[in-house]
Amino acid sequence: MSSATGLILVTGSTGFVGRNLVRELVGRGKRVRALVHHASKLGPLQGLPLETAEGDVTDLASLRQAVRGVEKVVHLVAVIREKGEATFENINLRGTVNLLTACREAGVKHFVFMSNVGAGLDPRFPFFYSKGRAEEEVKASGIPYTIFRSSLMFGEDDEFTVTLAKLVRQMLIVPIVGSGKTRFQMIWVKDTARCLAMALEDDRTLGKTIPIGGPEHLSYDEIVDVIIQTLGARRVKVHVPLFVMRPMVWLMERFLSRPPITSGQLAMLALDNITELDAVERAFGFKPTSLREGIGYLRRALPQKGSFL
C-alpha cells in the first residue's frame, strides 16, 4: 500500500465524476488541484479546500503549468458527443496524449485514466474507438498507470437516468429504443469515486486495467421499469425498431443544438455494457450500490407538479 500524500491533479474536476471524486479525495485528507477552464467555473467545488489550475487538454502549455509539483493525476476529461472542435479525436485521444506528455516531463508517478467498458479498436464505434486508442497511449507512455473501464454511471444530475425520467414524467407512452434487451451494469458515481480514490492509495493497481460496474445486470427495459417505479408512475412502454430511430436521430442531430441522442450513442445502445458482477468487490473489497438503492435522487430532481404523475 502507498501512503504518499502528494498533490493530486484531477482533470474534468467539475464534471459528473470529477466533482464526486474531488469531494471523496478531500474527505480523505488528500491535497487536490482541480483543472478548470476558468476559476469562475469552479461551481460545485466552491468552498472546498483545494488548489485550482486553469487549462484545457487541447493546450499543452496550460497542462505543463497544471502538473507542476503534482505527484498523481486522475484524467477524467472526455466527450460522449461531438460538437464543433470538441471531437473524440481532439479531446478523448489528443487531449490524453497532451496530458501524458506534460506528465512525463513533470515526472508524475501515477496516472489514472477513466475509460469505459466497451473501449477497443473497432472504428465502427467512434467513442469507444477513441477511448481504446487513448488506453494504448497511456500504456505506451512509460508512466505508471491504472486504467479504469467503467460501465454506465448513475447519480444526481447524471444525463442518462435524468433524461429517461423526464421522458417518463412527460409521456404516458414511453418509447424504448430497439428490443430493450441490451444489458447494462450501472454503477453509482460515488462508488466510482471511491474506487478511483482507493486506487490512488494502492500501488497494487499499477499497470492494471480494472473494469468496474454495479451489482446487477439490467436490460434497458428493466432500467426504465426501475425509473417508472421510482417516480410512482403508470406507463405503457412501446419498442421502436432501430431502423425507425436512425432517420429520426439523423434529423435531430441536424436541427437540434443538443439532441437527446446521437447516431453514435444509438449504435452503442445495441451493445451490452457489462463486466463481472463482483468486479468491484474483488478489486476494492466493497459491494457497490444498486440502481434501486441509489436512484431516489430522481424524486427530488423531478417534482410531480405539472406532470402526468
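Heavy-atom basis, side chains included; hydrogens, waters and symmetry copies ignored.
Cluster membership for Met114 and Phe284, using ILVMFWY side-chain heavy atoms within less than 4.5 angstrom, is shared. No single ILVMFWY cluster, assembled from side-chain heavy atoms under 4.5 Å apart, contains both Phe128 and Leu152. There is a path of hydrophobic side-chain contacts, each under 4.5 Å, that joins Ile210 to Met153.
Put simply, the side chain of Glu201 never gets that close to the backbone of Met198: no donor and acceptor are under 3.5 Å apart. For the pair Glu222 (side chain) and Ser219 (backbone), a donor-acceptor distance under 3.5 Å is present. Side-chain atoms of Arg104 come within 3.5 Å of backbone N or O of Ser141 as a donor-acceptor pair. Side chain of Asp56 to backbone of Thr58: a donor-acceptor contact under 3.5 angstrom is found. Remark: side-chain polar atoms of Thr205 are paired, donor with acceptor, to backbone N or O of Ala199 under 3.5 angstrom. The backbone N or O of Ser179 sits less than 3.5 Å from a side-chain atom of His239, completing a donor-acceptor pair. No side-chain donor-acceptor contact under 3.5 Å links Asn92 to the backbone of Ser130. In this structure, Arg33 contributes its side chain and Val10 its backbone to no donor-acceptor pair below 3.5 Å. Of the possible polar contacts, none joining the Glu54 side chain to the His38 backbone as a donor-acceptor pair under 3.5 Å is found. Under a 3.5 Å cut-off, the side chain of Arg235 and the backbone N or O of Val168 do form a donor-acceptor pair.
For the atom pair Ser151 OG and Asn116 CG, the distance stands at 9.0 Å (nearest 0.5 Å).
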* Evaluate side chain to side chain donor-acceptor pair (under 3.5 Å) for His110 paired with Asp203, printing each intermediate quantity in order. => CA-CA 9 Å; His110 191 175; Asp203 289 343; 5.2 Å; no

* Audit row: Thr161, Asp158, side chain to side chain donor-acceptor pair (under 3.5 Å) steps and yes/no -> CA-CA 6 Å; Thr161 65; Asp158 82 72; 2.4 Å; yes

* Please lay out, stage by stage, how Glu71 and Arg31 fare under the test salt bridge (charged side-chain N to carboxylate O under 4.0 Å, His left out). => CA-CA 10 Å; Glu71 181 180 44; Arg31 295 175 55 214; over 6 Å; no

* Report the C-alpha distance between Asp221 and Lys237 in whole Å, list the side-chain angles of each, state the deciding distance to 0.1 Å, and finish with yes or no for salt bridge (charged side-chain N to carboxylate O under 4.0 Å, His left out). => CA-CA 9 Å; Asp221 253 332; Lys237 296 182 299 182; 3.2 Å; yes

* Check step by step if side chain to side chain donor-acceptor pair (under 3.5 Å) holds for Gln265 and Thr262. => CA-CA 5 Å; Gln265 290 170 320; Thr262 67; 3.3 Å; yes

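There is a side-chain donor-acceptor pair under 3.5 Å between Ser290 and Glu293. A donor atom on one side chain and an acceptor atom on the other are not found under 3.5 Å apart for Asp157 and Tyr297.
Look at Arg194 and Glu24 and you find no salt bridge, because none of the NZ, NE, NH1 or NH2 atoms lies under 4.0 Å from a carboxylate O. The residues Glu216 and Arg292 are annotated as salt-bridged, a charged nitrogen and a carboxylate oxygen being separated by less than 4.0 angstrom.
Glu136 CD: more than 12 foreign heavy atoms inside a 6.0 Å radius. For Ile173, the CD1 atom is loosely surrounded, since the number of other residues' heavy atoms within 6.0 Å does not exceed 12.
The minimum heavy-atom distance between Val117 and Asn273, with the atom names listed, is O-ND2, 2.8 Å. Taking both residues in full, the closest heavy atoms of Gly213 and Val280 are given as O-CG2, 3.5 Å, listed atom of the first, atom of the second, then distance. Closest of all the heavy-atom pairs between Leu164 and Tyr220 is CD2-OH, 3.3 Å.
Listed by first and then second residue, the side chain to side chain donor-acceptor pair (under 3.5 Å) pairs involving residues 73-83 are Thr11-His75, His75-Thr96, Arg81-Glu159 (not counting sequence neighbours).
Side-chain atoms of Ile176 and Val238, non-hydrogen and from C-beta on, never get closer than 4.5 Å to each other. Cys195 places a side-chain heavy atom less than 4.5 Å from the side chain of Phe148.
Less than 6.0 angstrom separates the ring centroid of Phe127 from the ring centroid of Phe88.
The side-chain tip of Arg124 does not point at the ring of Tyr129 from less than 6.0 angstrom away and within 45° of straight on.
Evaluated for a side-chain contact (heavy atoms from CB on, under 4.5 Å) with Ser13, the options Thr52, Val77, Val32, Val36 yield exactly one hit, Val36.
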